[in-house]
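This structure is a prediction, so every number in the text was calculated from the model and none was measured. All heavy atoms count here, side chains included; hydrogens, waters and symmetry mates do not.
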Amino acid sequence: MNTALTPEAMHRPGGGRGLWDALTNRYLLRLLVHKELRVRYRGSVLGMVWSYVKPAVQFAVFYFAVGVFLQMNRAVPNFALYLFSGIVAINFFNEAFGNATRAVVGNTPLVKKIYLPRQLFPVSSVYVAGVHFVPQLVVLVVGAFVVGWRPGPLQLLAGVAGFAIIAVLALGLGLLFGAINVMVRDAENLVDLIAMVVSWTSPVLYHWNHVAEALGTGPGWVIYHLNPLTPAIELFHWCFWAPTNGVDYVQPPGLPVFAALAGVTALIMLLIGEVVFRRLDGRFAQEL
């Protein structure tokens, strides 16, 4: 059987089906995910336990600084659960976005030696972030059950929708900044700034009531919700925090509309990221 490659079977970098090739090459995707996990925890004693330790320390610092010292736990029922559900969501975004941005440069030897769909690198980084997200989600669900978590179907669907918005947005931004980072390494520093800004401008440490009191529900409220992570995290709160004991939940004004807009924004960003990534793909090996 002749297995020689024909010109028709070969694609120039940036050709082929792009992101679709990356998503359908499951074997290569699994290899890259396993490689990234091995490299990350090489020489580590705790290994995957860090997936619990890091968010636990972050939660403890925020809880005592905001919940106890600033007395947010008196203003927000079950504040610990409210805080942790937001931390889980924002950590997933920050890790997926940051690692996807560095994915192509971090795999320079592979990029220079062989050709494979380069979108596999940011996709595998988002996948690894999802692997780290799972144990945090387990802790979140257990904590929610302790305080009487009884979600309805719509609330569970809201949690899935929030995760999907964050994942698609992180992948789209990761493709965009990952391609730019090959050309200009300053992109990594810009991503770190974006991660810091969205962490503090999303409703993780505070309740939406505080934003409404400061900005009203007019233009300022709309501008605040142009950050697609804001409604995505509110969907997490609706799923994991709202159906618990002692919470008299009031939905933020316009949440369904803003959530739909966030989903559309995430899809648009994915399209933009894919177009830019494919446009610059052919120069990756040369630039690296």
### Message
Tell me whether Trp221 contacts the main-chain N or O of Gly254 through its side chain, where contact means a donor paired with an acceptor under 3.5 Å.
### Response
no

### Query
In the single-linkage hydrophobic clustering (I, L, V, M, F, W, Y; side-chain heavy atoms under 4.5 Å), do Phe59 and Val134 co-cluster?
no

### Query
Side-chain heavy atoms under 4.5 angstrom apart, residues restricted to Ile, Leu, Val, Met, Phe, Trp, Tyr: same cluster for Val182 and Val184?
yes

### CA sep, side-chain torsions, deciding dist, call: Val197, Asn227, side chain to side chain contact (heavy atoms under 4.5 Å, CB included)
CA-CA 10 Å; Val197 170; Asn227 170 12; over 6 Å; no

### Query
Between CZ of Arg118 and CZ of Phe277, what distance do you get to the nearest 0.5 Å?
8.0 Å

### Query
Apart from Val275 itself, which Ile, Leu, Val, Met, Phe, Trp or Tyr residues share its cluster (side-chain heavy atoms under 4.5 Å, direct or through members)?
Leu271

### Message
For residues 212-222, which residue pairs pass the salt bridge (Lys or Arg N to Asp or Glu O under 4.0 Å) check, not counting sequence neighbours?
### Response
none

### Message
Tell me which pairs pass ring-ring contact (aromatic ring centres under 6.0 Å, His included) where either residue lies in residues 162-186, with sequence neighbours left out.
### Response
Phe92-Phe163, Phe97-Phe177, Phe133-Phe163

### Query
Given Thr230 and Phe258, is the side chain to side chain contact (heavy atoms under 4.5 Å, CB included) satisfied, shown in steps?
CA-CA 9 Å; Thr230 296; Phe258 289 125; over 6 Å; no

### Message
List the residues meeting side chain to side chain contact (heavy atoms under 4.5 Å, CB included) with Leu29, not counting sequence neighbours, and say none if there are none.
### Response
Val33, Leu120, Val123, Ser124, Tyr127

Sequence neighbours excluded and cut-off under 3.5 Å, please list the side-chain donor-acceptor pairs for residues 78-89, or say none.
{"from": "Asn78", "atom 1": "ND2", "to": "Thr244", "atom 2": "OG1", "distance (Å)": "3.0"}
{"from": "Asn78", "atom 1": "ND2", "to": "Asn245", "atom 2": "O", "distance (Å)": "2.8"}
{"from": "Tyr82", "atom 1": "OH", "to": "Tyr206", "atom 2": "O", "distance (Å)": "2.7"}
{"from": "Ser85", "atom 1": "OG", "to": "Leu81", "atom 2": "O", "distance (Å)": "3.2"}
{"from": "Ser85", "atom 1": "OG", "to": "Tyr82", "atom 2": "O", "distance (Å)": "2.8"}

### Query
Between Val276, Leu270, Ile272, which is the residue that forms a side chain to side chain contact (heavy atoms under 4.5 Å, CB included) with Leu175?
Leu270

### Message
Hydrophobic clusters here meaning ILVMFWY residues chained together by side-chain heavy-atom distances under 4.5 Å, can you tell me if Leu229 and Val257 are in one?
### Response
no

### Task
Kindly give the heavy-atom pair with the smallest separation between Ala262 and Pro231, and that separation in Å.
CB-CG, 3.6 Å

### Query
Quick one: are Leu190 and Ile194 in side-chain contact, heavy atoms under 4.5 Å?
yes

Expected list for residues 63-72: side-chain donor-acceptor pairs under 3.5 angstrom, two or more places apart:
none

## Note on the structure
dist Lys35:NZ -> Leu28:CG (nearest 0.5 Å) comes out at 12.5 Å

### Query
What pairs of residues pass the side-chain hydrogen bond (donor to acceptor under 3.5 Å, both in side chains) test when at least one of them lies in residues 247-259, not counting sequence neighbours?
none

### Query
Counting only N and O atoms by type, is there a donor-acceptor contact under 3.5 Å from the side chain of His34 to the main-chain atoms of Leu31?
no

### Query
Tell me the ring-ring contact (aromatic ring centres under 6.0 Å, His included) pairs involving residues 183-203, sequence neighbours left out?
none

### Query
Arg150 and Gln155: which non-hydrogen atoms are nearest, and at how many Å?
O-OE1, 4.2 Å

### Task
Please examine the side chains of Val204 and Phe62, heavy atoms only from C-beta on, and report whether any two atoms are closer than 4.5 Å.
no

### Task
Could I get the full list of side chain to side chain contact (heavy atoms under 4.5 Å, CB included) partners for Leu235, not counting sequence neighbours?
Ala158, Ala161, Ile165, Trp238, Leu255, Ala259

### Message
With a 4.5 Å cut-off on side-chain heavy-atom distances among I, L, V, M, F, W and Y, is there a chain of contacts connecting Val247 to Val142?
### Response
no

### Task
Please report the closest heavy-atom contact between Val198 and Ser202, naming both atoms and the distance.
O-OG, 2.6 Å

### Shortest non-hydrogen separation from Val126 to Ala100 and the atoms involved
CG2-CB, 4.4 Å

### Query
Cluster question for you: counting only ILVMFWY and a side-chain heavy-atom cut-off of under 4.5 Å, with indirect links fine, are Val264 and Tyr224 together?
yes

### For Gly220 against Leu215, the heavy-atom pair lying closest together
O-CD1, 3.6 Å

### Query
What are the two closest heavy atoms between Asn91 and Gln136, and how far apart are they?
ND2-OE1, 4.0 Å

### Task
Write out all pairs satisfying side-chain hydrogen bond (donor to acceptor under 3.5 Å, both in side chains) with one or both partners inside residues 166-182, taking only residues at least two apart or from two chains.
Asn181-Glu188

### Query
Within a strict 4.5 Å, meaning less than it, do heavy atoms of the Ser199 and Asn94 side chains meet?
yes

### Message
Under the rule for side chain to side chain contact (heavy atoms under 4.5 Å, CB included), what residues qualify as partners of Leu261, not counting sequence neighbours?
### Response
Leu226, Thr265

### Query
Who pairs with Phe240 by ring pair (Phe, Tyr, Trp, His ring centres under 6.0 Å), at least two apart in sequence or on another chain?
Trp149, Phe236

### Message
Measuring only between side-chain heavy atoms, which start at C-beta, is Phe93 closer than 4.5 Å to Leu173?
### Response
yes

### Query
Taking atom NE2 of His237 and atom CD of Glu234, what is their separation to the nearest 0.5 Å?
6.0 Å

